[in-house]
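Proteins come first, then strands; the chains are lettered A, B, ... in the order of their sequence lines, and each starts at number 1.
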Number of protein chains: 2
Amino acid sequence: MQKQQHLSKNQKIVLDHVEKANQPLKAYSILYNVQKKGLKAPLQVYRALDKLVEIGKIHKIESRNAFVACKNSNCVVSNATAFSICEGCEKVTEINNSKLSKYLGNFEDSSGMKYSKYNLEFFGLCKKCKNK
Amino acid sequence: MQKQQHLSKNQKIVLDHVEKANQPLKAYSILYNVQKKGLKAPLQVYRALDKLVEIGKIHKIESRNAFVACKNSNCVVSNATAFSICEGCEKVTEINNSKLSKYLGNFEDSSGMKYSKYNLEFFGLCKKCKNK
DNA sequence: TACATAACGTTATATTATAACAATATACGA
DNA sequence: TCGTATATTGTTATAATATAACGTTATGTA
Ligand SMILES: [Zn+2]
Ligand SMILES: [Zn+2]
Ligand SMILES: [Zn+2]
Ligand SMILES: [Zn+2]
């Protein structure tokens with residue numbers, strides 16, 4: 001079987017909601033907000049999220065336990081993610097920088113281990129928060 | 001007041017245990033193992049971990065919710081961490097690569113945001129696991 | 001149709017982390 | 001050495017995040 005072409009009902013509902021948010025959402029906040037659409041239990045949300053993360057439509061912000069829709073239309077590389085996180089207002093932006101992804105994609109350390117995936121999270125203060 | 005010079009009792013107990021482990025430990029596994037030393041509640045462990053992370057003696061592996069002792073004797077840069085994680089055996093190694101840290105430490109993206117901290121996690125298969 | 005795989009629904013439970021409050025200990029300048 | 005601010009401790013309860021286990025239903029493909 002090929003890689004999945006279309007999303008299931010629950011997957012669509014969750015992706016829709018996360019895409020509209022424009023910011024990372026917590027799993028239980030998603031759950032609360034899609035209950036009117038019929039998803040009643042945490043597992044229904046987590047299963048949809050798992051699949052959406054797997055196919056790269058959604059990324060998990062590990063340091064925040066939160067989920068955000070991929071903004072890189074060309075993000076075939078769901079296995080190579082980088083984010084900028086403001087510690088003031090918690091604004092999160094996906095970084096789309098080809099130099100960075102090339103550098104990290106080719107990175108090898110002394111162990112000789114070749115990596116198939118990475119996740120990078122930068123922290124700081126956004127412009128707005130810096131000027132407070 | 002200066003940056004703290006010496007650790008408190010609970011902090012020492014937790015750091016000791018984590019340093020002996022040579023691998024990331026979960027908070028509740030730490031708790032279980034230091035109960036004989038008098039730490040009875042999760043908060044006692046979490047508080048010690050918080051402080052140890054803050055001063056760079058311990059790092060948190062975000063994708064695993066686990067804690068590992070810093071191996072870079074010179075890790076003044078607890079705000080600049082990079083790890084290699086084997087998805088087969090879960091072996092985690094702290095990466096100490098000056099080129100990488102220089103590259104990431106100076107990284108700026110289009111937003112003009114200057115970062116004060118980053119965490120990078122690489123995933124793959126270690127030599128052992130690749131040959132299975 | 002038949003079979004394999006993916007998705008679903010549901011209940012219960014495991015795991016990770018923090019709130020809130022009161023008491024002690026420690027550092028350090030006056 | 002006293003006063004005071006800060007850090008640390010102890011404790012109970014609870015919040016937040018995530019998965020196990022089970023049986024059913026839908027979907028793709030030969
Ligand atoms: Zn993306
Ligand atoms: Zn901000
Ligand atoms: Zn370190
Ligand atoms: Zn391995």
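A/Asn65 has its side chain within reach of A/Lys60: a pair of non-hydrogen atoms, C-beta onward, lies under 4.5 Å apart. In this structure the side chain of A/Asn22 reaches within 4.5 angstrom of the side chain of A/Lys71, judged on heavy atoms.
One interatomic measurement links the two molecules: CD1 of B/Ile13 to P of D/dT8, which rounds to 14 Å at whole-angstrom precision. Atom pair A/Ile55:CD1 and C/dA6:P shows a separation of 13 Å (rounding to whole Å applied). Put simply, CG on B/Leu49 is 12 Å from P on D/dT9, counting in whole angstrom units. The separation between A/Lys40 atom NZ and C/dT11 atom P is 9 Å, rounded to whole Å. Remark: P of D/dT11 and CD of B/Gln35 are 12 Å apart, rounded to the nearest angstrom. If you take CD of B/Gln44 and P of C/dA20, they are 19 Å apart, rounded to a whole angstrom. Rounded to whole Å, atom C1' of C/dT5 lies 13 Å from atom CD of A/Gln11. Note: CG (A/Leu7) to C1' (D/dA26) measures 16 Å, nearest angstrom.
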What is the per-nucleotide protein-contact pattern of nucleotides 18-23 of chain D, from the 5' end, where B denotes a base atom under 4.0 Å from a protein heavy atom, S denotes such proximity for sugar-phosphate atoms only, and - denotes neither? BBBB--
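Under the ring pair (Phe, Tyr, Trp, His ring centres under 6.0 Å) criterion, A/Phe123 pairs with no residue at all, not counting sequence neighbours.
Counting heavy-atom neighbours within 6.0 Å of B/Lys37 NZ, excluding the residue itself, gives a total of 12 or less.
Here B/Ser8 reaches the OP1 or OP2 of D/dT9: one of its side-chain N or O atoms lies under 4.0 Å away. Between A/His6 and D/dG28 there is a side-chain N or O to OP1 or OP2 distance below 4.0 Å. Between B/Lys12 and D/dT8 there is no side-chain N or O to OP1 or OP2 distance below 4.0 Å. Taking side-chain N and O atoms only, B/Lys51 has no distance below 4.0 Å to OP1 or OP2 of D/dA7.
B/Phe107 and A/Ile85 fall into different hydrophobic clusters, where Ile, Leu, Val, Met, Phe, Trp and Tyr are joined by side-chain heavy atoms under 4.5 Å apart, directly or via other members.
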Would you check, one step at a time, whether the test salt bridge (charged side-chain N to carboxylate O under 4.0 Å, His left out) holds for B/Glu121 with B/Arg64? CA-CA 10 Å; B/Glu121 299 181 3; B/Arg64 298 298 188 260; 5.8 Å; no
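With the nearest nucleotide of DNA chain C identified for both B/Lys26 and A/Asn10, A/Asn10 has the one nearer the 5' end.
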Show which side-chain atoms of residues 97-104 of chain A pair as donor or acceptor with protein atoms under 3.5 Å away, not counting sequence neighbours.
unit_1: A/Asn97; atom_1: OD1; unit_2: A/Lys99; atom_2: N; d: 3.1
unit_1: A/Asn97; atom_1: OD1; unit_2: A/Leu100; atom_2: N; d: 2.9
unit_1: A/Ser101; atom_1: OG; unit_2: A/Asn97; atom_2: O; d: 3.3
unit_1: A/Ser101; atom_1: OG; unit_2: A/Ser98; atom_2: O; d: 3.1

